[in-house]
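Comments concern the structure below.
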Number of protein chains: 2
Amino acid sequence: MTADQQVAPAVPHRRRSRRDEILEIAVGLFAARGYHGVSMDDIGAAAGVTGPALYHHFAGKEAMLVAALIPVSEQLLAGGRERVAEHEGRPLAALAALIEFHVDFALANPAVIALHLHELDRLPEEPRRQIRRLQRLYVEEWVNTLTALRPELAAGEARVLAHAAFGLMNSTPFLGGEVDRDRRSDLLRAAALAALQG
Amino acid sequence: MTADQQVAPAVPHRRRSRRDEILEIAVGLFAARGYHGVSMDDIGAAAGVTGPALYHHFAGKEAMLVAALIPVSEQLLAGGRERVAEHEGRPLAALAALIEFHVDFALANPAVIALHLHELDRLPEEPRRQIRRLQRLYVEEWVNTLTALRPELAAGEARVLAHAAFGLMNSTPFLGGEVDRDRRSDLLRAAALAALQG
DNA sequence: CCATCGCCTGAACGGTCGTTAAGCACCGGC
DNA sequence: GCCGGTGCTTAACGACCGTTCAGGCGATGG
């Protein structure tokens, strides 16, 4: 139960807080049983406390979902932009880097990826729009790279392909590992690259 | 537990029954807002009746989800087996036929596909196992075709690729149509075929 | 040894949900 | 004109959920 090794956040004098620990537990439950399928008492029990205790760390249930989804969207966007910038002018290399980045991310964070796919609509307007905005910007990195690589594609068509590639790469949460992680990564990367190249 | 539930009659009913009409409405709501995010009153209101009226057509809320998911699994399995049988001994042709079948199906029934992906775990053990069994058989058709086409693939690896292809092809519910349906079908078929061929 | 603060508990609230019960309106067949 | 069935209504129930509140307990600092 003691998982206490993680990089320190931007705030220096705070170690990995109980808040983050609880959040990770909540994400796992949300991913497994759905947002509405998990009660605050469930989350509390899984964290070793009662339900109301969670209100000392989060404003409420929705706030937990927001706290889980926002950083992921930001990480994806930042990572995507970084990969594209590293390979400016070489769209195929940029695409390969994007694929490698996304596959690694999906394999490392299957629960959060599943949450992003399934539970985003459970949020109220305001935070949902913020997350969708981050997602859209991330997709645009893919669309720009794809249209540079394949000029015959219209932007809308490239968007269809980008989402198709996300579906392909995000399929990993749906499978318990019968194949080891490196091999799965290889298979997904090769398949995604083949799917997106003309 | 009223033991006198009405089931879809084997006797051919004249018109498309009200039951099927309500079911389609419920599926749309489930897909849009999630199983737990839709109440019986919501479904009733969308169908022009009150919530309790639905109990004249279905045993309960779970029964509606089962009634929506089971036929789809059966259709997919039957369609998949048919395509494979039509092209026995020609794995590439079989794979192309499977892809065309699945893409058409996903484009024609995006809501039910989304339900299958997101809400299956909301069911109790018994019907869930039945649906998973049908899904597993469908996946096996893909795995067999893939291993025939690419003998270097182990069964588990082929399964990873099959699920990746499902993720790719099922990405269509997540996009409002900015590209017309035929073009989207072409893009998804080509991408899936490229992803699965060595 | 006491005051304080962080973290938690137990009880309780308003609300919503799935479900049941009882009864009314309509309609084709005898 | 009556009958049975179908399809619906309103009312109500028990259960569960998110949230709030008042207070307790233990470590910390003076």
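A quick note: this is a predicted structure, and the numbers were derived from the prediction, not measured. All chains are named by letter (A, B, ...) in the order of the sequence lines, taking the proteins before the strands, and each is independently numbered beginning at 1.
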Whole-Å distance separating the CZ atom of B:Arg19 from the P atom of D:dC8: 14 Å
Closest to side chain of B:Tyr55, choosing from C:dC17, C:dT20, D:dT9: C:dT20
Side-chain N,O (B:His57) to OP1/OP2 (D:dC8) below 4.0 Å: yes
Interatomic distance where CE belongs to B:Met64 and P belongs to C:dT19 [whole Å]: 11 Å
A:Arg18 side-chain N/O to C:dG6 phosphate OP1/OP2 under 4.0 Å: no
A:Met64 vs A:Met40 side-chain heavy atoms within contact, under 4.5 Å: yes
A:Val179 vs B:Arg159 side-chain heavy atoms within contact, under 4.5 Å: no
Closest to the B:Thr50 side chain, choosing from D:dT19, C:dT19, D:dT9: D:dT9
Out of C:dC7, C:dT20, D:dG18, whichever nucleotide has its closest atom nearest the side chain of B:Pro52: C:dT20
Interatomic distance where CG belongs to B:Asp41 and C1' belongs to D:dA12 [whole Å]: 13 Å
Separation of D:dC17 P from A:Asp42 CG (nearest whole Å): 7 Å
Sugar-phosphate, base or nothing in reach of A:Gly60, heavy atoms under 4.0 Å: sugar-phosphate
Within 45° cone and under 6.0 Å: B:Lys61 NZ/CZ vs B:Tyr35 ring: yes
Spacing of A:Phe30 atom CZ relative to D:dC17 atom C1', expressed in whole Å: 13 Å
Spacing between A:Phe58 atom CZ and D:dT20 atom C1', to the nearest angstrom: 19 Å
Ring geometry between B:Trp142 and B:His102 (parallel below 30°, tilted from 30 to 60°, perpendicular above 60°): perpendicular
Most 5' of B:Ala53 and A:Tyr35 on DNA chain D, judged by nearest nucleotide: B:Ala53
Distance, nearest 0.5 Å, that separates CG of A:Leu188 from CZ of A:Arg183: 10.5 Å
Value in whole Å for how far the C1' atom of D:dA15 lies from NZ of B:Lys61: 15 Å
Length of the NE2-C1' vector between A:His56 and D:dG23, whole Å: 11 Å
